Amino acid sequence: MKATFCTRREICALFLFLTVFVFIFVLRHMDILEPKFNSTIIMPRVSTHPNEIHSFCTFKPLSPEDALEERLILDSIAWPETPLLSAPISLEQTSDPAHSTFTILPGRKGGQWHVGDQLEVMILTSDFQGRPKKSGGDFLLARLHNRKLEAGVVGQVVDHLNGSYSAVFSLLWEGDAQVEVTLVHTGEAISVLNTLNREQPYRMYYKSLFRSGSHSETTLCNVCLRPTQQPMCNYTDLRTGEPWFCYKPKNLSCDARINHYMGGWNHDLLNANEEKLFQRGVNLKVYIRASGPANFIVLPQKEGQPQVKSSTVTSGPSGYYYQGVWRALGGTTVREFSTSAISQCLKGKVVHMYGDSTMRQWFNFLTATLPGLKKFDLHIPKRTGPHMSLDCVNNILVTYCCHGPPLRCDPMNPRELCYIANELDRLIGGPNTVVVFTIWAHYGSFPMEIYIRRLQSIRRAVVRLLDRAPGTLVVIRTGNPKDLNLFVSLFNSDWHSLQCNKVLRAMFKGLNVHLIDAWEMNQAHHLPHNLHPLPPIIRNMINHLLSYICRQNGG
């Protein structure tokens, strides 16, 4: 009879491993293994260049190669410019979903569509007075779905820059299908968001508490701070060069910093007319109606039918749902894993997860799903971590650590913040090591340059890891759409998240890493958009992750 418990040798090996792991963990968080941060009091250089990403400071210059890459990526994701409206902005001149329409265009076979065909939809936008728009720049989402079949796929939207848009869908299942088009933001709203990110990146601010004995002070912190008469503490990471500053307390040293947390946000960001661009139920994530039928029937694929390619779009969806299960198109085949199959798949594996709360969802899912995976009480805040779970019987270790600032969180020890690049450099790696990370949601109020530079740092660490341990599996989760209101739009809009995803794909293209398209997995599902996707979507994401870890052809 096969033993279901650890042997004495396994227990000793596991105890030794765990002892070393905890010893390193304790040393690290006692700041013994880490170089001391630079507490030199500095004032950032004031910039007078109009094209500077900040009007009040600059960072360490990029290498020529990184600077060129940054420029090329920014050019590749440049959003269509919307003609400036006369001040004050008039809502009546912006796109109105109630006056806009979409129409299903006739297929090549007239009114018939088959599996394997592509469907094209024409979207025409009009303003609040019913006048056709003459410019593009609106942010639209398109989805094809069937609730009974729990089927859904994302459409690829093309802006023709004249007020009209195309949405192209791959037809992937038989039966009913319904087109859905959503106006997320008008082009004018995106112009406002872009201006805010460039001119007020400090509108979401952070704080740190400094304490020595019975005396304590709290000061503001951020990626960059406006220079004042008050000196600053420089907490720029010594390894990655990631900038972080706090105003120096009046009567304490920079070494007295004991925590990091979100301080709040500036409320008076928009005038009354600008706020009208972000109205739920009016012009913020509102459905556009069909000018004719929105439903149609998809017939079975014809024998010998050639694949239909669109001349409008060059790329297709990353996958689709059918009967509630995500089916990836290209890459690995996504399998469904039972609880026992998950344990078998992860047997002998070390899974390191880094990122924000959307990655912590994955850690929590595995810990809650696997009865043998027990979470260690490290006496760390539940929302921030770091966390660690261990399955002794199957020798599974799963860890989670939130990424470094900017990070909107409850008060936490700064030493618990882990820059992903530094964490990757600490790993030995190998065929039994899985690295999963995401980084996007906390960058919604900053210029895209800051996000690009963080990814460049992480990519260099990924390359180093794969060079020394090519068998290491690296999986990256993209950002996802969420429920929007005025506040969320101003600090973490879907538009900015989409732009981050484009940058992420460009940055890691060509590397031996795998992407899980959380954006399409959320948008294609019938459940409402949520910053933290609901359990059925999380389960599909975990199945996708496990399918990378345990491929059918290689185990």
Side-chain angles (χ1 to χ4, degrees), residues 102-123 140-158 165-182 287 290 293-336 478 480-481 498 501 505 514-529 533 536-537 539-545 547-548 552:
F102 72 83
T103 305
I104 297 175
L105 299 182
R108 297 182 182 181
K109 307 176 186 67
Q112 288 190 341
W113 290 271
H114 296 260
V115 172
D117 286 341
Q118 288 197 316
L119 178 83
E120 186 167 353
V121 171
M122 180 60 69
I123 306 162
L140 303 172
L141 294 179
R143 180 170 72 110
L144 193 67
H145 64 104
N146 180 317
R147 287 295 300 272
K148 288 185 179 180
L149 293 176
E150 292 187 78
V153 67
V154 168
Q156 313 303 308
V157 177
V158 176
Y165 302 78
S166 293
V168 179
F169 301 92
S170 297
L171 303 185
L172 300 165
W173 66 82
E174 298 178 26
D176 291 340
Q178 180 175 350
V179 175
E180 178 185 280
V181 178
T182 304
Y287 294 132
N295 296 70
F296 62 99
I297 302 294
V298 182
L299 301 173
Q301 185 170 6
K302 289 185 176 180
E303 187 175 348
Q305 174 183 331
Q307 183 179 6
V308 177
K309 294 185 178 181
S310 171
S311 59
T312 307
V313 297
T314 57
S315 62
S318 64
Y320 68 104
Y321 285 104
Y322 187 74
Q323 295 180 341
V325 175
W326 180 254
R327 301 184 177 190
L329 296 171
T332 191
T333 300
V334 179
R335 299 154 52 197
E336 293 189 76
T478 73
N480 56 264
L498 178 67
N501 288 345
R505 289 181 179 278
H514 304 278
L515 291 182
I516 292 182
D517 196 334
W519 183 274
E520 289 198 13
M521 293 185 75
N522 279 263
Q523 188 191 337
H525 205 279
H526 65 82
L527 288 173
H529 297 171
I537 300 176
R539 174 170 287 279
N540 274 287
M541 290 179 174
I542 295 296
N543 282 335
H544 201 172
L545 171 64
S547 297
Y548 282 130
Q552 287 182 307

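Because the structure is predicted, anything quoted here is derived from the model rather than measured. Reckoned from all heavy atoms, side chains included, excluding hydrogens, waters and symmetry mates.
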(request) With rounding to the nearest 0.5 Å, note down the distance linking CG in L172 to CG in D117. (result) 11.0 Å
(message) Return the OG to CG distance between S170 and L329, rounded to the nearest 0.5 Å.
(response) 7.5 Å
(message) Minimum heavy-atom separation for P481 and N522, please, with both atom names.
(response) CD-CB, 3.9 Å
(request) Over all heavy atoms of both residues, which pair between I537 and M521 is shortest? Give the atoms and the distance, please. (result) CG2-O, 4.0 Å
(request) Please check if the side chain of S547 supplies one atom and the backbone of R335 the other of a donor-acceptor pair under 3.5 Å. (result) yes
(message) Within this structure, what is the CG-CE distance for the pair N480 and M541, rounded to the nearest 0.5 Å?
(response) 5.5 Å
(message) Measuring from atom CG of L105 to atom CG of L119, what distance do you get when rounded to the nearest 0.5 angstrom?
(response) 8.0 Å
(request) Report the C-alpha distance between W173 and Q323 in whole Å, list the side-chain angles of each, state the deciding distance to 0.1 Å, and finish with yes or no for side chain to side chain contact (heavy atoms under 4.5 Å, CB included). (result) CA-CA 10 Å; W173 66 82; Q323 295 180 341; over 6 Å; no
(message) Side chains of L171 and L144, heavy atoms from C-beta outward: is any pair under 4.5 Å?
(response) yes
(message) What's the separation between atom CD in Q156 and atom CD in E520, rounded to the nearest 0.5 Å?
(response) 6.0 Å
(request) For residues W326 and P536, determine if any side-chain heavy atom of one lies less than 4.5 Å from a side-chain heavy atom of the other. (result) no
(message) Using a 3.5 Å distance criterion without hydrogens, assess whether the side chain of H145 forms a donor-acceptor pair with backbone atoms of A151.
(response) no
(request) Please name all residues satisfying ring-ring contact (aromatic ring centres under 6.0 Å, His included) with H525, sequence neighbours left out, ordered by chain then number. (result) Y321
(message) Distance check, rounded to the nearest 0.5 Å: T478 atom OG1 versus L515 atom CG?
(response) 7.5 Å
(request) Go through the structure and list residues passing ring-ring contact (aromatic ring centres under 6.0 Å, His included) with F296, not counting sequence neighbours. (result) W113
(message) Does F169 form a side chain to side chain contact (heavy atoms under 4.5 Å, CB included) with I104? I'd like the steps, not just the answer.
(response) CA-CA 11 Å; F169 301 92; I104 297 175; over 6 Å; no
(message) I'd like to check N543 versus V325 (side-chain heavy atoms, cut-off strictly below 4.5 Å). Are they in contact?
(response) no
(request) Heavy atoms only: give me the nearest A294-F102 pair and the separation to one decimal. (result) CB-CZ, 4.0 Å
(message) Going by salt bridge (charged side-chain N to carboxylate O under 4.0 Å, His left out), name the pairs with one or both residues in residues 169-179, residues two or more places apart or in two chains.
(response) none
(request) Please lay out, stage by stage, how Q523 and T182 fare under the test side chain to side chain contact (heavy atoms under 4.5 Å, CB included). (result) CA-CA 11 Å; Q523 188 191 337; T182 304; over 6 Å; no
